[in-house]
A.B. asks: 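Handing you a structure now.
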Amino acid sequence: MAVLVTGGAGYIGSHMVLALIDAGHDEVVVIDDLSTGFDWALPPEVTLVRGDVADQALVAETIRTHKIDALAHFAAKIVVPDSVSDPLGYYLANTVKSRALIEAAIGAGVRHVIFSSTAAVYGEPAVVPVPEDLTPNPINPYGRSKLMTEWMLEDAARAHGISYVVLRYFNVAGADPRGRSGQSTPNATHLIKVATQAALGKRSHLEVFGTDYPTPDGSCLRDYIQVSDLAAAHLVALNHLRGGGASMTLNCGYGRGYSVLEVIDVVKSVSGVDFPVKLSPRRAGDPSRIVAGADRIRAELGWVPQHDDLRGIVTQALAWEEALGRRNRV
Ligand SMILES: NC(=O)c1ccc[n+]([C@@H]2O[C@H](COP(=O)([O-])OP(=O)(O)OC[C@H]3O[C@@H](n4cnc5c(N)ncnc54)[C@H](O)[C@@H]3O)[C@@H](O)[C@H]2O)c1
Ligand SMILES: O=c1ccn([C@@H]2O[C@H](COP(=O)(O)OP(=O)(O)O[C@H]3O[C@H](CO)[C@@H](O)[C@H](O)[C@H]3O)[C@@H](O)[C@H]2O)c(=O)[nH]1
């Protein structure tokens, strides 16, 4: 039995690949078009199929050749403000291409799917921390593009007798504690990545997008989950499905929110650098606060996070950013 990881050369997917290898899974296959991923992020024992997840012939051949029973689908476009300016590009990448992938995967014999969904499906939730059974109400095209894929997967699973776990990630941050991977996209827009780049002088300053939100300090609240903890959640989800477990949808977060200004303080404190911060207007598509109701995944899958500590997450992110600079990569 082998696992196919789409988007495995990207930030979170590469940590999933490492988690699989560390756990002794001997056949891991990645399909990635390297649009935002890096082949060097993959360990040498992993097979990389360079291509598009919507290439149904390629997907089917890969699944049959490697006798794949489980699919972990990470490949996507992921930047909320970009989805506001290019909605059709996001519906193509995240919805239309996922439809093609799911069809080809089921046709070629895949039995289990783990799907990378997002807290963005909740939009601006009335309840915080947000439970999984709150009716989704995304406020940006990114969240909508992902929610439609959740629905397609649910319907297709019911019709074709396969099982799935949808994981709704909150804000993913940090890096592999052993320094093997991290967030490597040079022009990434994620807060902790941008802040570490500002601390290391790779950016002149950091902008805070909005200080007039209805939150304690006026900046947005997010629940930051460490990337290896998230990868570990996928491993327990995979074991659950292979063991005959039921399909389910689970939040992945720690259940605690930090404001943008709090995160900046932590990055300044950990790095020892008082980098310039500019207060700017709100960014398109941002909900004011989003924090995970985090109990269900622990109860259902027995997931126990190991890195629930913002200072530790920032320390890892800084170390990875420094290492990227030393390697002259990005
Ligand atoms: N980063 C976060 O905070 C976050 C939060 C919630 C959900 N997610 C979800 O997690 C998943 C992974 O995100 P990430 O942060 O690792 O992003 P990423 O951009 O680092 O990784 C995406 C990977 O998918 C590949 N890819 C994209 N389109 C492809 C296609 N059509 N065919 C083949 N490969 C393709 C890219 O080359 C890249 O390697 C995404 O589905 C995203 O929506 C991320
Ligand atoms: O330079 C920056 C970057 C971000 N922010 C703010 O920081 C918060 C977090 O932003 P960001 O790190 O870009 O993440 P989100 O927009 O919350 O989205 C992330 O988290 C979502 C889940 O909550 C995922 O679905 C997305 O893929 C992922 O990009 C937001 O309030 C931003 O406005 C700034 O103020 N300045």
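Numbering of ligands and ligand atoms starts at 1, following listing order.
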A.B. asks: Can you report which non-hydrogen protein atom sits closest to atom 31 (O) of ligand 2, along with the distance?
C.D. replies: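 Ranked first by proximity to atom 31 (O) of ligand 2 is Cys220 CB, 3.1 Å.
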A.B. asks: Can you check which of Arg283, His190, Arg222 brings a heavy atom nearest to atom 10 (O) of ligand 2?
C.D. replies: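 Looking at heavy atoms only, Arg283 sits closest to atom 10 (O) of ligand 2.
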A.B. asks: What part of Ser117 sits under 4.0 Å from ligand 1 if we count only heavy atoms: the side chain, the backbone, both or neither?
C.D. replies: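 The backbone, only.
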A.B. asks: Taking the side chain as every heavy atom from C-beta outward, state whether Thr95 and Met152 have any atom pair closer than 4.5 Å.
C.D. replies: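 Yes. Closest side-chain heavy atoms under 4.5 Å.
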A.B. asks: What about Leu191: any of its N or O atoms under 3.5 Å from an N or O on ligand 2?
C.D. replies: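 By distance alone, the answer is yes.
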A.B. asks: Hey, what do you get for CD (Gln183) to CD (Gln197), rounding to the nearest 0.5 Å?
C.D. replies: 8.5 Å
A.B. asks: What residue and heavy atom of the protein are closest to atom 23 (C) of ligand 1, and at what distance?
C.D. replies: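 Of every protein heavy atom, Gly7 CA, 3.6 Å lies nearest to atom 23 (C) of ligand 1.
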A.B. asks: Assess, by modelled atom type and distance only, whether the side chains of Tyr254 and Asp229 contain a donor and an acceptor separated by less than 3.5 Å.
C.D. replies: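 A donor-acceptor contact under 3.5 Å links the two side chains.
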A.B. asks: Considering all heavy atoms of both residues, which atom of Ala199 and which atom of Leu318 are nearest to each other, and what is their separation?
C.D. replies: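 Smallest interatomic distance, heavy atoms only, reads CB-CD2, 4.3 Å.
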A.B. asks: Of all the non-hydrogen atoms in the protein, which one sits nearest to atom 21 (O) of ligand 1, and at what distance?
C.D. replies: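 Of every protein heavy atom, Gly10 CA, 3.5 Å lies nearest to atom 21 (O) of ligand 1.
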A.B. asks: What protein heavy atom is closest to atom 3 (C) of ligand 2, reported as residue, atom name and distance in Å?
C.D. replies: Thr189 O, 3.3 Å
A.B. asks: Using a 4.0 Å cut-off to any heavy atom of Glu207, which atoms of ligand 2 qualify?
C.D. replies: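 Once the distances to Glu207 are compared, the set is 1 (O), 2 (C), 34 (C), 35 (O), 36 (N).
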A.B. asks: Does Asp32 reach ligand 1 with a nitrogen or oxygen that is under 3.5 Å from one of the ligand's nitrogen or oxygen atoms?
C.D. replies: yes
A.B. asks: So for ligand 2, is Thr118 a polar contact partner (N or O within less than 3.5 Å, distance only)?
C.D. replies: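 By distance alone, the answer is yes.
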A.B. asks: Nearest protein heavy-atom contact for atom 40 (C) of ligand 1: which residue, which atom, what distance?
C.D. replies: Phe74 O, 3.0 Å
A.B. asks: Are any of the N/O atoms in Tyr169 less than 3.5 Å from those in ligand 1?
C.D. replies: no
A.B. asks: Check this for me - ligand 1, Val53, N or O atoms closer than 3.5 angstrom, yes or no?
C.D. replies: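 Yes: some nitrogen or oxygen of Val53 is under 3.5 Å from one in ligand 1.
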A.B. asks: Who gets closest to atom 17 (O) of ligand 1 by heavy atom: Ile78, Leu230, Leu58?
C.D. replies: Ile78
A.B. asks: Within the structure, does Ile78 bring an N/O atom to less than 3.5 angstrom of an N/O atom in ligand 2?
C.D. replies: yes
A.B. asks: Applying a 4.0 Å heavy-atom criterion (strictly less than), which segment of Asp52 is in contact with ligand 1: side chain, backbone, both, or neither?
C.D. replies: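 It is both backbone and side chain that touch ligand 1.
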A.B. asks: Is there side-chain contact between Ile114 and Phe74, with at least one heavy-atom pair below 4.5 Å?
C.D. replies: no
A.B. asks: Flag yes if Leu48 and Leu18 sit in one hydrophobic cluster, no otherwise; membership is Ile, Leu, Val, Met, Phe, Trp, Tyr, and two members link when side-chain heavy atoms are under 4.5 Å apart.
C.D. replies: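 Not linked; separate clusters.
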A.B. asks: Can you measure from CG (Leu101) to CG (Leu4) and round to the nearest 0.5 angstrom?
C.D. replies: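 It comes to 7.5 Å.
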A.B. asks: Report the part of Tyr142 (side chain from C-beta onward, or backbone N, CA, C, O) that has a heavy atom under 4.0 Å from ligand 1; answer both or neither where that applies.
C.D. replies: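 Near ligand 1, Tyr142 shows its side chain, while the N, CA, C and O stay back.
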A.B. asks: Ligand 1 and Val172, any nitrogen or oxygen pair closer than 3.5 angstrom?
C.D. replies: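 There is such a contact, yes.
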A.B. asks: Got the closest protein heavy atom to atom 16 (O) of ligand 1, with its distance?
C.D. replies: Ile12 N, 2.8 Å
A.B. asks: Who's closest to atom 18 (O) of ligand 2 heavy-atom-wise, of Asn171, Thr211, Val194?
C.D. replies: Asn171
A.B. asks: Looking only at heavy atoms, is any part of His190 under 4.0 Å from ligand 1, and if so is it the side chain, the backbone, or both, or is it neither?
C.D. replies: side chain
A.B. asks: Is there a continuous path of hydrophobic side-chain contacts, each under 4.5 Å between heavy atoms, that joins Val273 to Val267?
C.D. replies: yes
A.B. asks: Can you confirm, on distance only, whether ligand 1 has an N/O atom lying under 3.5 Å from any N/O atom belonging to Tyr11?
C.D. replies: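 Min N/O separation from ligand 1 is below 3.5 Å for Tyr11.
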A.B. asks: Any side-chain donor-acceptor pair under 3.5 Å between Ser228 and His307?
C.D. replies: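 The answer is no; no qualifying pair exists.
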A.B. asks: May I ask you to identify, for Leu34, whether its side chain, its backbone, both or neither come under 4.0 Å of ligand 1 on a heavy-atom basis?
C.D. replies: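 For Leu34, only backbone atoms sit under 4.0 Å from ligand 1.
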A.B. asks: How does Lys97 reach ligand 1, if at all, at less than 4.0 Å between non-hydrogen atoms: by side chain, backbone, both, or neither?
C.D. replies: side chain
A.B. asks: Below a 4.0 angstrom heavy-atom separation, can you tell me which part of Leu206, side chain or backbone, both or neither, approaches ligand 2?
C.D. replies: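 The part of Leu206 near ligand 2 is the side chain, not the backbone.
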A.B. asks: With respect to Asn94, which candidate in Ser83, Ser117, Ser116, Ser145 satisfies the side-chain hydrogen bond (donor to acceptor under 3.5 Å, both in side chains) definition?
C.D. replies: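 Exactly one option meets the side-chain hydrogen bond (donor to acceptor under 3.5 Å, both in side chains) with Asn94, and it is Ser145.
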A.B. asks: Heavy-atom contacts with Tyr169 under 4.0 Å: which atoms of ligand 2 show up? List them by number with element.
C.D. replies: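 It comes down to these atoms of ligand 2: 22 (C).
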A.B. asks: Pull out every atom of ligand 2 sitting under 4.0 Å from any heavy atom of Val208, numbered as shown with elements.
C.D. replies: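 Atoms satisfying the 4.0 Å criterion: 35 (O).
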A.B. asks: Consider side chain to side chain contact (heavy atoms under 4.5 Å, CB included). Of Val110, Leu235, Leu71, Leu20, which one does Val3 pass it with?
C.D. replies: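 Checked Val110, Leu235, Leu71, Leu20 against Val3; only one passes side chain to side chain contact (heavy atoms under 4.5 Å, CB included): Leu20.
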A.B. asks: Applying salt bridge (Lys or Arg N to Asp or Glu O under 4.0 Å) as the test, list every pair that has at least one member in residues 179-190; sequence neighbours left out.
C.D. replies: Asp22-Arg180, Asp176-Arg180
A.B. asks: Nearest to atom 5 (C) of ligand 1, what protein heavy atom do you find, and at what distance?
C.D. replies: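 I find the closest protein heavy atom is Phe170 O, 3.4 Å.
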A.B. asks: List the steps and the verdict of salt bridge (charged side-chain N to carboxylate O under 4.0 Å, His left out) for Arg99 and Glu103.
C.D. replies: CA-CA 6 Å; Arg99 187 213 158 276; Glu103 183 176 57; 3.1 Å; yes
A.B. asks: To the nearest 0.5 Å, what is the distance between CG on Asn171 and CD1 on Ile313?
C.D. replies: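 Result: 10.5 Å between the selected atoms.
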A.B. asks: Can we say Arg158 and Asp155 salt-bridge, meaning some charged N sits less than 4.0 Å from an Asp/Glu carboxylate O?
C.D. replies: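 Here Arg158 pairs with Asp155 in a salt bridge, since their nearest N and O are under 4.0 Å apart.
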A.B. asks: If you compare all heavy atoms of Ala75 against all heavy atoms of Gly7, which two are closest, and at what distance to 0.1 Å?
C.D. replies: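 Residues Ala75 and Gly7, closest heavy atoms: CB-N, 3.7 Å.
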A.B. asks: Say whether Tyr142, considering both its backbone and side-chain N or O atoms, lies within less than 3.5 Å of an N or O atom on ligand 2.
C.D. replies: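 Yes, Tyr142 has an N/O under 3.5 Å of an N/O on ligand 2.
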A.B. asks: Tell me whether Arg289 forms a cation-pi arrangement with Tyr213, defined as NZ or CZ under 6.0 Å from the six-membered ring centre and within 45 degrees of its axis.
C.D. replies: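 Here Arg289 fails the 6.0 Å and 45° test against Tyr213.
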A.B. asks: Does Thr36, backbone or side chain, put an N or O under 3.5 Å from an N or O of ligand 1?
C.D. replies: yes
A.B. asks: How far is atom 33 (O) of ligand 2 from the closest protein heavy atom, and which atom is that?
C.D. replies: Asp286 OD2, 2.6 Å
A.B. asks: Look only at interatomic distance and state if Lys146 has a nitrogen or oxygen under 3.5 Å from any nitrogen or oxygen of ligand 1.
C.D. replies: yes
A.B. asks: Should you measure from each heavy atom of Val260, which atoms of ligand 2 turn up under 4.0 Å away?
C.D. replies: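 Answer for ligand 2: 6 (C), 7 (O), 8 (C), 31 (O), 35 (O).
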A.B. asks: Under a 4.5 Å cut-off applied to non-hydrogen side-chain atoms, are Lys202 and Leu324 in contact?
C.D. replies: yes
A.B. asks: Any N/O of Ser35 closer than 3.5 Å to an N/O of ligand 1?
C.D. replies: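 Checking ligand 1 against Ser35, an N or O pair does fall under 3.5 Å apart.
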A.B. asks: May I ask you to check whether Phe209 has an N/O atom sitting below 3.5 Å from an N/O atom of ligand 2?
C.D. replies: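 By distance alone, the answer is yes.
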A.B. asks: Run Tyr11 and His190 through side-chain contact (heavy atoms from CB on, under 4.5 Å) and show every step you take.
C.D. replies: CA-CA 12 Å; Tyr11 171 45; His190 297 93; 5.9 Å; no
A.B. asks: Assess whether a salt bridge exists between Arg168 and Glu150, defined as any Lys/Arg side-chain N lying under 4.0 Å from an Asp/Glu carboxylate O.
C.D. replies: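 A salt bridge is present here (some side-chain N lies under 4.0 Å from a carboxylate O).
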A.B. asks: Looking at atom 29 (C) of ligand 1, what's its closest protein heavy atom, distance included?
C.D. replies: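 Answer, as residue, atom name and distance: Asp33 OD2, 3.4 Å.
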A.B. asks: Touching ligand 1 at all, Gly51? Heavy atoms, strictly under 4.0 Å?
C.D. replies: yes
A.B. asks: Show which atoms of ligand 2 fall inside a sub-4.0 Å distance from at least one heavy-atom site of Ala119.
C.D. replies: 22 (C), 23 (O)
